[in-house]
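Note: hydrogens, waters and symmetry copies are ignored here, and every other heavy atom, side chains too, is used. The first residue in the sequence is number 1, and the count goes up from there.
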Amino acid sequence: MPTTLTLPDLQGRLTPYTLRDAEPIRASAPTAPFNRIAYSAAHVVADPLAAIDPFLESRIDWDATIAYRQRLWSLGLGVAEAMDTAQRGMGLDWPTSLELIRRSLDAAKDVPGALVASGCGTDHLAPEDARSVDDVIRAYETQMEAIESLGGKLIVMASRALARVATGPADYERVYDRILSQARQPVVLHWLGSMFDPALAGYWGTDDLDAAMDTALGIIAAHPDKVDGIKISLLDKDKEIAMRRRLPPGVRMYTGDDFNYAELIAGDNEGALPNHRQSDALLGIFDAIAPAASAALQALSAGDTDRFHAILAPTVPLSRHIFRAPTRYYKTGVVFMAWLGGHQSHFTMVGGQQSARSLPHFAELFRLADAAGLLERPDLAVHRMKLLLAQHGVE
């Protein structure tokens, strides 16, 4: 018999909700590589027993954190490590990020074909301490050297310090020319919109997105052999498609659009070059919908586009809810999904970020996860949802 529980709606009213009577999505390990590169930006599991001040310090449960990455690899997904999904810049500092990268790269050695790319930024340099573009360059070089010495592939993250000190596009060109010129292997550039991080407003030297795109494309065109691709997280599919169709041959567009990922990955078969016609993926939402993402990508690789869309379509409302404004708090929804699914034993986050969303938000996420077939262990998910409800006074 289907389970019913009482949940608050988005207006705070308590209403009964009955779970659907259907099996959740089960994804088997893929038997061949996908026809898209697909990275999941992965979350970290906090240590709930650490006697620390959670708003000031971070402590990671390394075993649970690496186990989650092993799960992603088992589903054929790559891991984008130490990115904003891992609360980089929102509780996860640079020394802990580097340890995370080291452990992830070490674990990947035991997984044939495992993909790992690691976030390289300037977050050990407080934006207010940056005095010049040279300070930013040195900060990037510090992290580049540390990650590359471990054998890591770089994702060059957007820099809050650069956004603060740059006076125009020329400063961005100077920084990225220096960084790309010395990269040991092709990197992924990361353009993170201000909806994800308000401190990055005006990135590439302007608030005009079309002009910003021109600057970013100019930097890529000057170093096409050093750029594997660019991830843009603007939640604007038209901007992504427009930029995709202007990329040099072989440079990938990694969609970071957690609102429109399905159609962007499927592509439109338009454009002068193969890389102009579809996007690859580097997505935070793939952490939360990993079984569906894997099953859909297996279908797409087999040429079954209808099944690809059928699997992913129900996940889009869930993703839009997780990434609703203030978008920077989306990590809370990602970790909540991991807790519901039994991939960690608690709902505690680095920086105390489990408090960043409301009980009605979590209740709606529970409903959407059920509708999308993403409650992997429904009985456990119901039990844990009831625990959260009781914690908020709903018995």
Side-chain angles (χ1 to χ4, degrees), residues 35-39 41 78-84 101 115-122 133 136-137 139-148 150-159 162-163 166 169-193 200 203-206 209-234 236 239-257 264-265 267 271-283:
N35 62 358
R36 304 286 189 274
I37 304 291
Y39 287 102
V79 170
E81 192 54 276
M83 301 292 291
D84 47 305
I101 291 166
L115 293 178
V116 184
S118 303
C120 170
T122 65
V133 167
V136 176
I137 290 173
Y140 268 128
E141 289 175 338
T142 295
Q143 294 199 13
M144 286 182 69
E145 174 60 29
I147 296 169
E148 289 185 329
L150 297 172
K153 173 187 176 72
L154 302 179
I155 302 172
V156 180
M157 301 174 68
S159 166
L162 179 55
D171 285 334
Y172 287 86
E173 292 166 351
R174 180 182 168 202
V175 170
Y176 281 89
D177 177 74
R178 178 70 172 269
I179 299 307
L180 292 174
S181 294
Q182 58 188 301
R184 296 181 188 176
Q185 59 178 308
V187 311
V188 177
L189 299 179
H190 189 195
W191 181 1
L192 193 66
L200 298 176
Y203 212 74
W204 306 113
T206 176
L209 291 179
D210 291 325
M213 188 185 299
D214 289 341
T215 299
L217 284 165
I219 290 168
I220 294 169
H223 303 274
D225 59 328
K226 290 297 186 75
V227 180
D228 167 45
I230 182 167
K231 165 185 169 154
I232 65 171
S233 300
L234 301 178
D236 185 330
K239 294 296 184 190
E240 176 173 322
I241 292 169
M243 188 173 191
R244 187 172 78 195
R245 289 190 179 142
R246 296 174 62 190
L247 290 172
V251 176
R252 299 176 183 272
M253 171 58 72
Y254 287 98
T255 185
D257 190 332
L264 290 165
I265 293 169
L273 299 170
N275 60 318
H276 293 174
R277 298 168 192 162
Q278 69 277 319
S279 296
D280 293 277
L282 198 166
L283 288 161

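Looking at residues two or more places apart in sequence or on another chain, you find a ring pair (Phe, Tyr, Trp, His ring centres under 6.0 Å) between Tyr203 and Tyr172. Scored by the salt bridge (Lys or Arg N to Asp or Glu O under 4.0 Å) test, Asp280 finds Arg252 as partners (sequence neighbours excluded).
The distance from atom CD1 of Ile179 to atom SG of Cys120, rounded to the nearest 0.5 Å, is 7.0 Å. Here NZ of Lys239 is found 13.5 Å from CG of Asp257. Values are rounded to the nearest 0.5 Å. Rounded to the nearest 0.5 angstrom, Asp236 CG and Ile241 CD1 are separated by 9.0 Å. To the nearest 0.5 angstrom, Leu247 atom CG is 11.5 Å from Arg245 atom CZ. With rounding to the nearest 0.5 Å, the separation of CG in Asp171 from OG1 in Thr215 is 11.0 Å. The distance from atom CD1 of Ile220 to atom CE of Met243, rounded to the nearest 0.5 Å, is 4.5 Å.
The minimum heavy-atom distance between Leu273 and Pro248, with the atom names listed, is CD1-C, 4.5 Å. The minimum heavy-atom distance between Ser279 and Thr255, with the atom names listed, is CB-CB, 4.0 Å. Nearest approach of Leu162 to Ser159, heavy atoms of both residues: N-OG, 2.9 Å. Nearest approach of Asn275 to Arg244, heavy atoms of both residues: O-CG, 3.5 Å. Nearest heavy atom pair, residue Lys231 against residue Gly256, reads CE-CA, 3.7 Å. Annotation for Glu240 and Ile232: closest pair CA-CD1, 3.4 Å, computed over non-hydrogen atoms.
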TODO: Decide yes or no on side-chain contact (heavy atoms from CB on, under 4.5 Å) for Arg174 and Ile137, but give the supporting numbers first.
DONE: CA-CA 9 Å; Arg174 180 182 168 202; Ile137 290 173; 4.3 Å; yes
- [ ] Take Ile155 and Tyr39 through the test side-chain contact (heavy atoms from CB on, under 4.5 Å) and record every step on the way to the result.
- [x] CA-CA 11 Å; Ile155 302 172; Tyr39 287 102; 6.0 Å; no
TODO: Take Lys226 and Asp177 through the salt bridge (Lys or Arg N to Asp or Glu O under 4.0 Å) test and state the conclusion after the steps.
DONE: CA-CA 10 Å; Lys226 290 297 186 75; Asp177 177 74; over 6 Å; no
Open item on the list: As a quick check of understanding, evaluate side-chain contact (heavy atoms from CB on, under 4.5 Å) for Glu141 and Gln182, giving each step before the final call.
Closed with: CA-CA 9 Å; Glu141 289 175 338; Gln182 58 188 301; 2.8 Å; yes
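Proximity of Leu154 to Met144: side-chain heavy atoms (C-beta onward) are separated by under 4.5 Å at one or more points. Contact of the His190 side chain with the Val156 side chain is not registered, since no non-hydrogen atoms from C-beta on lie closer than 4.5 Å. The shortest side-chain heavy-atom distance between Leu180 and Leu189 falls under the 4.5 Å cut-off. Contact of the His223 side chain with the Val251 side chain is not registered, since no non-hydrogen atoms from C-beta on lie closer than 4.5 Å.
A salt bridge (Lys or Arg N to Asp or Glu O under 4.0 Å) check over residues 184-193, counting only residues at least two apart or in different chains, returns the pairs Glu145-Arg184, Glu148-Arg184.
Put simply, the side chain of Arg36 gets close to the backbone of Ile265: a donor and an acceptor are under 3.5 Å apart.
Between Trp204 and Trp191, the angle of the ring planes goes over 60°, which puts this pair in the perpendicular group of the 30/60° scheme.
Tested against Lys153, the residues Val187, Ile147, Asp228 include a single side chain to side chain contact (heavy atoms under 4.5 Å, CB included) partner, Asp228.
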